[in-house]
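Atom set for the values below is all heavy atoms of this structure, side chains included, hydrogens, waters and symmetry mates excluded. Naming convention: chains lettered A, B, ... in sequence-line order (proteins, then strands); numbering from 1 in each chain.
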2 protein chains.
Amino acid sequence: MKKKRPTLQDVAERVGVTKMTVSRFIRNPDQVSDPLRDKIQHALDDLGYIPNRAPDILSKSKSHAVGVLLPSLTNQVFAEVIRGIETVLEPEGYQTMLAHFGYSQDLEEQRIATLLSYNVDALIISESQHTPKAQKMLENAGIPVIEIMDSTSTSPLHIIGINNSAAAREMTQTMIDHGHRNIVYFAARMDERTLQKIAGYKQAMAANNLTAAIKETRSASSFTLGAKFLEEVLSEYPDIDGIFCTNDDLAIGALYACQKKGLRVPEDIGIAGFHGHDIARAMVPLLATVVTPREEMGRLAAQQLLKNIHGEARHASVIELAYEIECGESIKKI
Amino acid sequence: MKKKRPTLQDVAERVGVTKMTVSRFIRNPDQVSDPLRDKIQHALDDLGYIPNRAPDILSKSKSHAVGVLLPSLTNQVFAEVIRGIETVLEPEGYQTMLAHFGYSQDLEEQRIATLLSYNVDALIISESQHTPKAQKMLENAGIPVIEIMDSTSTSPLHIIGINNSAAAREMTQTMIDHGHRNIVYFAARMDERTLQKIAGYKQAMAANNLTAAIKETRSASSFTLGAKFLEEVLSEYPDIDGIFCTNDDLAIGALYACQKKGLRVPEDIGIAGFHGHDIARAMVPLLATVVTPREEMGRLAAQQLLKNIHGEARHASVIELAYEIECGESIKKI
DNA sequence: TAAAGTATTGTTAGCGGTCACATTACCACA
DNA sequence: TGTGGTAATGTGACCGCTAACAATACTTTA
């Protein structure tokens, strides 16, 4: 026989008033007479009353929660996006409801339904491609939806992100400028962002009459994967003199593998990563990388959302954030 | 004038039945007559009906959501714990509600109240020390609560974790066995786990008549912090010949800094980390580290929780998971 | 063909707050 | 002492769904 948690009614009975009076006290003690204030507070503490949002959610369809839908939580990038989001939402009293879908559209559809079933007040999503059903849910939900990560998305939504393909093109060009020619792209996950980056990489290679080559996998990027890719690529592309990775971890893993093989970076092989995590700034040699404003992206998305929730509706807009090409030491052959 | 999302009533009217019939169809189509099935399904799709959990949460006080309360989300360790938790909860139809409190007890109290206000069916927390009010809420909540991370916690709760102090003691002893003497501990955050680890480190040092020395900060651990600590420690403890870090990132940051300084690892300085992240297995030299079962911890906690939710109550128990001392190459002086 | 199922659909109430609207208590002032 | 006004509290109703029960409709069987 487990005890149920106390309701306003329980507290009210203990004090000898109606629950309405207790409700008033909780929201604005001034509305309640002096002698009652103490009694109610005491009863509240005594019973350990904990507010219940369910009735409010039911009657107002407002949950004070924002749904955040990301492909993965273990990816450091998304962890930082989340931090940015929460930095803004928490002080405003909004709870973040996190869900992830492991890069699967069908799972994404389910997660959207789940989040909506909790009456989230807004949604932050991170892909532009959805199942038709998911698409419809997003349209019918009647709440603000923001898509983050890539600014070139064609969704009819508010979008906040960076131009991944431009960033990749620019970094590839930078590597070429530093004398690298046979640059292989290390890809993982093959999600929308990675495909954008690959496109940018290919453009830069083509523009310089160089041959693009891609090492890819559907699985997650990691340090060990970077090392494995390097082992393989050496036999597959013996002429390789540059590697551009979809993520810093791949790059660093590859770099370690080079050290083991006795290959010099950047002299024998130039290596560049993507995102500019903290480690890139501490390592030897400093990693060339595209520094992305992950946390800021989260912050801006959350701020935009709050504006929308508070009624400042506006047309779907695209905010493109700046990235930064950091040359480090790992591609400075010339 | 924003459109409200459709309710069961809306669907029912469209079909010409009562919402009860639609409700039945959704939960078990067999209960509805053949000709209606199609019509209802059609209306459902047509209006884009999305189930609403609020009424259920209100009437049954069951949300099918589990609250997870962690100090930080950006810490890789917790990201993996979350993955473990979700691996188990998602297939069971439970939504994870994440909250974090930045290592502050007061914030933790607030987060607990918030999560409970959403009627979570269970709670996973990660600290043993709480404010009195938080403590009371946890007791009164009437839902299963599991504390994870450290098995030596004295909470009167279900506990799943590792013995951090024993692990630190063992790793310190291992370093000593490999010929390191003046080992300094690099600490960050100063949370409960770190304090436990420091205790274990001190025990091992004392047992070998060696002097313990600690570099500490309240801020988060990072690669750059590890590098900074190394710089500082060289002048503060010129005799230093070993570093044991509360986290792999500190260790790796310190290691890079050693490389810059021309210090050999492990010959001049042995370095050990904690947790055994993927990078430790890819790097050169391989990092000595305590491998912790982070994901398993999350999985087990979630499984335990599900059992409790389904009524298999039991006395508070402690599950101590095994860690592993991995020597790698970074402490093998002897 | 009537009685007795069984299958299908409908009706009511309630979950726990809060809104909008009474109602009562209390006070000042003419 | 009565009147008007404000402060303090109370009274349904409602949010959307479903459990429990009620009422039909349709079959089957004697």
**Message:** If the threshold is 4.0 Å, N to carboxylate O, is there a salt bridge linking A/Arg37 and A/Asp34?
**Reply:** yes

**Fill in**
Separation of D/dT9 atom P from A/Lys39 atom NZ, nearest Å, is 10 Å

**Prompt:** Looking for any heavy atom pair under 4.0 Å, which part of the strands does A/Tyr49 touch: base, sugar-phosphate only, or nothing?
**Reply:** sugar-phosphate

**Fill in**
Against the side chain of A/Leu58, the closest entry in C/dG16, D/dT11, D/dC17 is C/dG16

**Fill in**
Whole-Å distance, B/Ile26 CD1 to C/dT9 C1', equals 16 Å

**Item:** Over 12 foreign heavy atoms within 6.0 Å of NZ, B/Lys133
**Value:** no

**Asked** Are A/Asp106 and A/Gln110 close enough that a side-chain donor and a side-chain acceptor fall under 3.5 Å?
**Response** no

**Message:** Output the rounded distance in Å from NZ (A/Lys60) to P (D/dA13).
**Reply:** 19 Å

**Request:** Look at the rings of B/His64 and B/Tyr94 and say which category their plane angle falls in: under 30° parallel, 30 to 60° tilted, over 60° perpendicular.
**Result:** parallel

**Request:** Could you tell me the separation between the CD atom of A/Gln31 and the P atom of C/dT18, rounded to a whole number of Å?
**Result:** 11 Å

**Fill in**
Among D/dC17, D/dT9, C/dT9, the one nearest any side-chain atom of B/Thr21 is C/dT9

**Prompt:** Just how far, in rounded Å, is C1' of D/dC17 from CZ of B/Phe25?
**Reply:** 17 Å

**Message:** Quick check: on DNA chain D, is the nucleotide nearest B/Met20 upstream (toward 5') of the one nearest A/Lys19, or the reverse? Name the residue that is more 5'.
**Reply:** A/Lys19

**Item:** Given DNA chain C, 5'-ward residue of the pair B/Ser59 and B/Asp30, judged by closest heavy atom
**Value:** B/Asp30

**Complete:** Quick note, A/Val17 side chain, CB onward, closest among D/dG10, D/dA19, C/dC15 is D/dG10

**Asked** Among C/dT9, C/dT18, D/dT9, which is the nearest nucleotide to the side chain of A/Ser33?
**Response** D/dT9

**Request:** Mind checking A/Ile57 for me? I need base, sugar-phosphate or nothing, with any heavy atom below 4.0 Å counting as a touch.
**Result:** nothing

**Nearest-Å distance for atom pair CG/C1', residues B/Asn28 and C/dA7** = 13 Å

**Asked** Salt bridge check: are B/Arg193 and B/Glu127 linked by an N-O gap of less than 4.0 Å?
**Response** yes

**Fill in**
note: A/Leu8, atom CG; C/dG14, atom P; distance rounded to Å ~ 19 Å

**Request:** Send over the distance from A/Leu36 CG to D/dA7 P, rounded to a whole Å.
**Result:** 17 Å

**Message:** What contact category does A/Arg53 fall into here, base, sugar-phosphate, or nothing, at under 4.0 angstrom with non-hydrogen atoms?
**Reply:** nothing

**Prompt:** Between the base of C/dG10 and the side chain of B/Arg24, is there any donor-acceptor pair under 3.5 Å?
**Reply:** yes

